[in-house]
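As structure tokens, the structure follows; a few thoughts come after it.
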Amino acid sequence: MGRAVLVARLVIADIRRHGAQAAMLLLSITAATAALALGLSLSGVTEAMYHQTRQATAGPDLVAVSAGADRTALSALTSLMDNPEVSAHNGPYRIVQTPLTAGGVKAQAVAHGVSATPGPVNRPLVTSGSWVRGGAVVVERGFAAALGVHVGDHVTLSGRTFPIAGIAVTAAAPVYPWGQLTGPGGGTSDYSGLVWLAERDARALASRDLPVTTALDLKLRDPEATWTFVDSYRDPAFPVNFFTWQFMIEQDSHMVRNSQPILVVGSWLLGFLAITGVAALAAGCAAKQTRRVGLLKAVGATPGLVAVVLFAEYLALALLADALGLVVSRLAAPAISNPTASLISAASGPTRGTIIATTVSALLVAALSTLGPTVRALRTATVPALADPAHRPHRRALSTPLSAWLPTPLMLGLRLIARRPGRAVLHACGTATTVTMLTAGLTLYAQPSKGYGPTLGNLRDDQARELLLAVTTVLIALAAVNIITLTWTLAVEARVNMAITRALGATPGQVSAGLAVAQLLPALPGAVVGAPMGIGLYWAFSVGELVLPSIGWVLAAALATLLATVALASVPARFAARRPVAQTLSADTA
């Protein structure tokens, strides 16, 4: 039998025997790699979607906008068409700023007056329905999604009602809600959606004393030379504002600006919790792992082959989890990267850099989680590994006199912590991670959010809150599993000592409480440290003035974490404390 086949059979058999451990590792790394892949995928995804939309809609290289619709504005825009660097154009056309109402929802809109047959530049792609016709309107897809309207519904523009003929996307304006490139008189932009009207309807709308600008779409012979073209017209007396395709990408990328750090930092925290939980599981199986090493050595396996067998299971599961995480990322990326639906979602999967980063991260999580128990098992000689004798705990000179006067549960908890100080530190760090994420979420929800109108919410802030809630929920679930795993592992390792303690008079309730105390005490400093860390984490990625959350909510989050720790630790502790003393002692002395 070849070595590869032998390793594969041993790995498959061990996974079947330890299904819970395998599922824990798989789910933990999947969650971490999915969040990391999503976070890394957001870098550059807006540019990819914009270029895809621009190609599908013959998007312009430049949009020139002049205030008003008088002869001065038309003359300035018309002069641009004579520039030898211009290869094609669309317009000039009117842009009317108007209030819009749809089904009781009020918003601000800009209406572009267009012809029934689009020209060679700026041909919006109709994704539903048909293009504009007299007396009907076409709504930009992101704006339509925010309004909740579809083809056949009606919208009211400045008192006049229009049926919706179609839904379309364009690259000639930023994504919703930045459809208004410039305000009246060339001023700052405002939150607005985009609609298209027939030229005759746009003229009629403009006659109602609404703010009007005139725009011209330009295609250059060299699309990369937009800034050179703009610089040649930098004259205060020239009444035109320019918006390049590079500006469109930059503006569009603001929609996912808050999402990327949430996913990337969340993946780091999830990865740390995955290491903590899987390390606890590996430690709980250390005895079986040691005996397994002894059996392999007894039948002639070399140390190298034993190491391959021990690591292959975890690395195989890590690679499978990485693949699942990338699939989850691929399915969720369009909704996260294009929350407004204003762009055509890119169909490409994760980049090579993203795949490498997630794969390395997954393998590191698996390796770091299992390195300690595996090395200890490999260093154990064959005969002791097969015998697997009980290990006498290290006695500390000061532990006995200091704990003699303590209540029994507290004494037991402190003794358990003293025997595994490294694991207590990991548990404290895990609690700090959980409270950090909870506090960061409370800080995010404390920030004021400006809507896009009297009845429309802020898509960017809403998505950030939803993503943080999703990451926090997964993190809390993983932390809960870790607490149960840590408590059960501690109970298994200390089963003989707990049995002796009960034989000397401790009740099952005191033993159960001692195991819970062993989880609560390390969680206390973790909760204290995690609260300010969450605020600091949010501050590191925030822009502008930071509004602190209520101290009451922060304390409530920390207290809830501690109470949940006690409640979750009590479940495996209660089962472990009910095991008969005689059965435990006889099993370990047989």
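Only a predicted model underlies this, so the values are computations on that prediction, with no experimental measurement involved.
Within the 4.5 Å cutoff, no side-chain heavy atoms of L80 are placed close to those of V86. Inter-residue side-chain proximity for H51 and W245 is flagged as met; some heavy-atom pair is nearer than 4.5 Å. You'll find the side chain of R234 reaches within 4.5 Å of the side chain of V230, heavy atoms only. The shortest side-chain heavy-atom distance between V554 and P549 falls under the 4.5 Å cut-off. F247 has its side chain within reach of T244: a pair of non-hydrogen atoms, C-beta onward, lies under 4.5 Å apart. Under the 4.5 Å side-chain criterion, counting only non-hydrogen atoms from C-beta, L263 is not in contact with L36. Side-chain contact check for P448 versus V547: some heavy-atom pair is nearer than 4.5 Å.
No more than 12 heavy atoms of other residues, nucleotides or ligands lie within 6.0 Å of CZ in R200, so this atom counts as exposed by the packing criterion. Under a cut-off of 6.0 angstrom, the local environment of NE2 in H150 is sparse, with at most 12 non-hydrogen atoms contributed by other residues, nucleotides or ligands.
Atom-to-atom distance recorded for L220:CG and T228:OG1 is 10.0 Å, nearest 0.5 angstrom. In this structure, H89 NE2 and M81 CE are separated by 4.5 Å, a value rounded to the nearest 0.5 Å. Put simply, CG on L210 and OG on S158 are 4.5 Å apart, with the number rounded to the nearest 0.5 Å. Note that the CZ atom of F272 and the OG atom of S267 stand 14.0 Å from one another [nearest 0.5 Å]. If you take CD1 on I262 and CZ on R465, they are separated by 10.0 Å, rounding to the nearest 0.5 Å. Between L438 atom CG and T434 atom OG1 the span is 7.0 Å, to the nearest 0.5 Å.
A side-chain donor from one of S342 and E140 sits under 3.5 Å from a side-chain acceptor of the other. Remark: the Q246 side chain and the T226 side chain contain an N/O donor-acceptor pair separated by less than 3.5 Å. Between T170 and N122, the side chains place a donor N or O and an acceptor N or O closer than 3.5 Å (distance only, hydrogens not considered). Under the 3.5 Å distance criterion, with hydrogens and angles disregarded, a donor-acceptor pair is assigned to the side chains of Q463 and S259. Side-chain contact, D322 with T33: no donor N or O sits under 3.5 Å from an acceptor N or O.
Heavy-atom minimum distance, L194 versus A173: CD2-CB, 4.2 Å. Considering all non-hydrogen atoms of both residues, T46 and L343 come closest at O-CD1, 4.4 Å. In plain terms, the two heavy atoms of A116 and W131 that are nearest each other are O-CD1, 3.2 Å. When all heavy atoms of R133 and A165 are compared, the pair lying nearest together is NH1-CB, 3.3 Å. Taking each heavy atom of A31 and V474 in turn, the nearest pair found is CB-CG1, 3.7 Å. Taking every heavy atom of both residues into account, A146 and Y176 meet most closely at CB-CE2, 3.5 Å.
Checked against side-chain contact (heavy atoms from CB on, under 4.5 Å), A341 has the following partners two or more places apart in sequence or in another chain: R141.
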Does the side-chain contact (heavy atoms from CB on, under 4.5 Å) test come out yes or no for L100 and L147, once each step is laid out?
-> CA-CA 10 Å; L100 179 146; L147 295 172; 3.7 Å; yes
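Note on ring orientation: taking the six-membered ring where Trp is involved, the planes of F229 and Y233 are tilted (angle from 30° to 60°).
Between H112 and Y93, the ring centre distance stays below 6.0 Å.
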